[in-house]
Amino acid sequence: QVQLVESGGGLVQAGDSLRVSCAASGQTFSNYAMGWFRQAYGKAREFVAAISGSGDRIFYADSVKGRFTISRDNAKNTVYLQMNSLKAEDAAVYYCAAQRLVGGNGWFPAVLPKYNYWGQGTQVTVSS
């Protein structure tokens with residue numbers, strides 16, 4: 001089992017920056033790829049960003065490329081999402097998720113069902 005706890009959400013103005021964090025516990029953190037997803041009110045949950053277990057491979061949704069940065073600190077069992085130039089459409093509940101890495105098999109950065117564990121989410125509100 002992996003427990004994930006997000007933090008750092010809040011209310012910001014359009015154009016501001018915010019960093020959300022996700023602390024993991026329960027298993028070897030580097031054995032998991034980590035992803036950030038978001039769900040706006042009335043919409044489906046969508047992929048935002050993902051990072052491999054070692055941090056050497058990173059993927060972003062087109063909507064956040066150049067504005068958001070995902071990173072991880074395996075010594076602290078934590079993954080981060082730095083969000084810059086926030087827009088009203090970025091407002092959502094942000095979830096982190098962990099995908100177990102199995103041997104030399106590939107992983108699926110943007111595929112929700114491939115993630116094994118999810119956090120409870122942290123709300124990001126952007127006022128325009």
Side-chain angles (χ1 to χ4, degrees):
Q1 279 285 62
V2 174
Q3 293 77 42
L4 302 172
V5 179
E6 300 96 336
S7 61
L11 172 64
V12 297
Q13 292 188 333
D16 283 353
S17 297
L18 190 67
R19 188 178 80 163
V20 291
S21 303
C22 173
S25 61
Q27 296 285 330
T28 303
F29 187 57
S30 58
N31 288 346
Y32 290 82
M34 298 299 296
W36 283 100
F37 294 78
R38 67 187 181 186
Q39 187 167 17
Y41 181 76
K43 295 187 177 182
R45 193 170 299 189
E46 65 175 6
F47 169 73
V48 175
I51 187 168
S52 62
S54 62
D56 62 338
R57 299 186 68 191
I58 288 175
F59 301 86
Y60 294 103
D62 288 343
S63 59
V64 306
K65 277 181 184 175
R67 299 189 299 121
F68 289 13
T69 302
I70 188 172
S71 62
R72 65 189 295 161
D73 185 336
N74 285 350
K76 296 183 178 179
N77 289 356
T78 301
V79 61
Y80 306 96
L81 185 68
Q82 175 69 43
M83 302 181 286
N84 298 330
S85 303
L86 281 160
K87 305 175 182 180
E89 51 263 42
D90 294 318
V93 177
Y94 281 73
Y95 298 90
C96 72
Q99 183 176 142
R100 189 182 303 113
L101 298 171
V102 182
N105 296 339
W107 59 290
F108 304 87
V111 180
L112 275 71
K114 292 294 186 180
Y115 284 83
N116 306 99
Y117 303 101
W118 292 82
Q120 83 289 347
T122 186
Q123 177 73 52
V124 173
T125 304
V126 183
S127 65
S128 56

Please round to the nearest 0.5 Å and tell me the distance separating atom CD of Q123 and atom CG of L11. 9.5 Å
How close do Y60 and F68 get, counting heavy atoms only, and between which atoms? CE2-O, 3.3 Å
Please report the closest heavy-atom contact between G9 and T122, naming both atoms and the distance. N-OG1, 3.1 Å
Quick one: does any side-chain atom of E6 pair with a main-chain N or O of V20 as donor and acceptor, under 3.5 Å? no
For residues S21 and R19, determine if any side-chain heavy atom of one lies less than 4.5 Å from a side-chain heavy atom of the other. yes
Rounded to the nearest 0.5 Å, what separates atom OG in S128 from atom CG in L86? 12.5 Å
Is W118 reachable from I70 through a run of I, L, V, M, F, W or Y residues, each pair having side-chain heavy atoms under 4.5 Å apart? no
Is the backbone of S54 close enough, under 3.5 Å, to the side chain of N74 for a donor and an acceptor to pair up by distance? no
Side-chain contact test, heavy atoms from C-beta onward, threshold under 4.5 Å: evaluate it for W107 versus Y115 and give yes or no. yes
Closest non-hydrogen atoms of V2 and A24, given as atom of the first, atom of the second and distance, are CG1-CB, 4.4 Å
Under 4.5 Å between side-chain heavy atoms, hopping through other hydrophobics if needed: is there a path connecting V48 to L4? yes
Who are the side chain to side chain contact (heavy atoms under 4.5 Å, CB included) partners of Q39, not counting sequence neighbours? R45, Y95
Shared hydrophobic cluster, F37 / V79 (ILVMFWY, side-chain heavy atoms < 4.5 Å): no
State yes or no: do L18 and W36 share one hydrophobic cluster built from I, L, V, M, F, W and Y residues joined by side-chain heavy-atom distances below 4.5 Å, directly or via other members? yes
Evaluate the side-chain proximity of Y94 to C22: yes if any heavy-atom separation is below 4.5 Å, no if none is. no
Could you tell me whether D90 and K87 have a side-chain N and a carboxylate O separated by less than 4.0 Å? no
Specify the closest pair of heavy atoms between S17 and V12, including all atoms of both residues, with the distance to one decimal. O-CG1, 4.3 Å
For residues N31 and L101, determine if any side-chain heavy atom of one lies less than 4.5 Å from a side-chain heavy atom of the other. no
Rounded to the nearest 0.5 Å, how far does OH of Y80 lie from OG of S7? 9.0 Å
Near-ring test F47/F59, centroid separation under 6.0 angstrom: no
Verify side chain to side chain contact (heavy atoms under 4.5 Å, CB included) between R38 and V64, making sure each step is shown before the conclusion. CA-CA 12 Å; R38 67 187 181 186; V64 306; 4.0 Å; yes
So which heavy atom on S85 is nearest to which on R67, and how close? O-NH1, 3.0 Å
What's the spacing between M34 CE and S52 OG if we round to 0.5 Å? 12.0 Å
Taken in chain and number order and not counting sequence neighbours, the residues that satisfy side chain to side chain contact (heavy atoms under 4.5 Å, CB included) with F108 are Q99, V111, K114
Out of curiosity, does F29 fall in the hydrophobic cluster containing L81 (side-chain heavy atoms, cut-off under 4.5 Å, transitive links)? yes
